[in-house]
Amino acid sequence: MLAVLVAGAAGCAADAPADRRNPFVAGSGAPVVVPDGPGGHARTATPGERLGESDARTTAADVRFAEAMIPHHRQALEMTGLADGRGAGGEVAALARRIAGGQGPEIATMTSWLASLGRPAPAVHDHARQNAYGMATLEEMNRLRETRGAAFDTLFLRLMIRHHEGAVRMAEEELRDGTDRLMREMARDIVSGQRAEIGRMRRILAG
């Protein structure tokens, strides 16, 4: 798994630097959480600890991936945050916590990676522009906020399955076009992890 820099969140990217290494060094500010792989125990890096660097060219495709995936993930966190207080079933509530626990740290990692290139993370997400990658529209988000109980579970699962499918497409594009080692590693994690979650959500819906 990637080292996760817990710091702070789409647009077209300008050309990224060609031969650029992106060091990740733990600082004395926000803590840097380093997970120990799936099911392992995370630890906090010590200030000054070197957490790795990109060993390949960073291209515009890599930057586009990070700048689009950050707002995409943010909407997923917005959706999962609605599960509490709306009578979500146990399986859906657990799934929402799992999604939030994975995608929050990924946002932090991509934000820090962009900062290493001197680029700010996107400030907001555009529901309409990102809809090609499965993002919920503003109307769908409002409907999700208004539902409760079993109706919430069904709508949440349908929207999140589509959302995950969009993230997988985005990650597959990064694997096809990107060159940065860290971003490609993240893309591989997204493809495998979100495909597994899609299968779980389909089983809950069918169940």
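For the single chain, residues carry numbers from 1 onward in sequence order.
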Under the 3.5 angstrom rule, does the side chain of [X] hit a backbone N or O of [Y] as a donor-acceptor pair?
X	Y	answer
R86	F152	no
R119	S116	no
Q75	A136	yes
R202	I198	no
Q194	V191	no
H73	A100	no

Who are the salt bridge (charged side-chain N to carboxylate O under 4.0 Å, His left out) partners of R97, not counting sequence neighbours? none
Contact summary for A171 and I190, nearest pair of heavy atoms: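 Heavy atoms of A171 and I190 come nearest at CB-CG2, 3.9 Å.
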How close do A66 and M110 get, heavy atom to heavy atom, and via which atoms?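 Looking at all heavy atoms of both residues, the closest pair is CA-SD, 4.0 Å.
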Among all residues two or more places apart in sequence or in another chain, which pass the side-chain contact (heavy atoms from CB on, under 4.5 Å) test with [X]?
X	value
R184	E174, L175, R188
R200	A94, L95, R98, R203, I204
T154	R158, L205
E173	Y133, R176

Heavy-atom neighbours of E91 CD exceed 12 at 6.0 Å: no
How long is the span from the [atom1] atom in [X] to the [atom2] atom in [Y], to the nearest 0.5 Å?
X	Y	atom1	atom2	answer
I99	M160	CD1	CE	4.0 Å
L155	L157	CG	CG	9.0 Å
R64	M170	CZ	CE	12.0 Å
F156	L144	CZ	CG	7.5 Å

Applying the side-chain contact (heavy atoms from CB on, under 4.5 Å) criterion to D62, which one of R57, R181, M183, E67 satisfies it? M183
What do the steps show when you test R162 against E140 for salt bridge (charged side-chain N to carboxylate O under 4.0 Å, His left out), and what is the final call? CA-CA 12 Å; R162 190 183 74 196; E140 287 171 330; 2.6 Å; yes
Residue list, ring-ring contact (aromatic ring centres under 6.0 Å, His included) with F65, at least two apart or on another chain: none
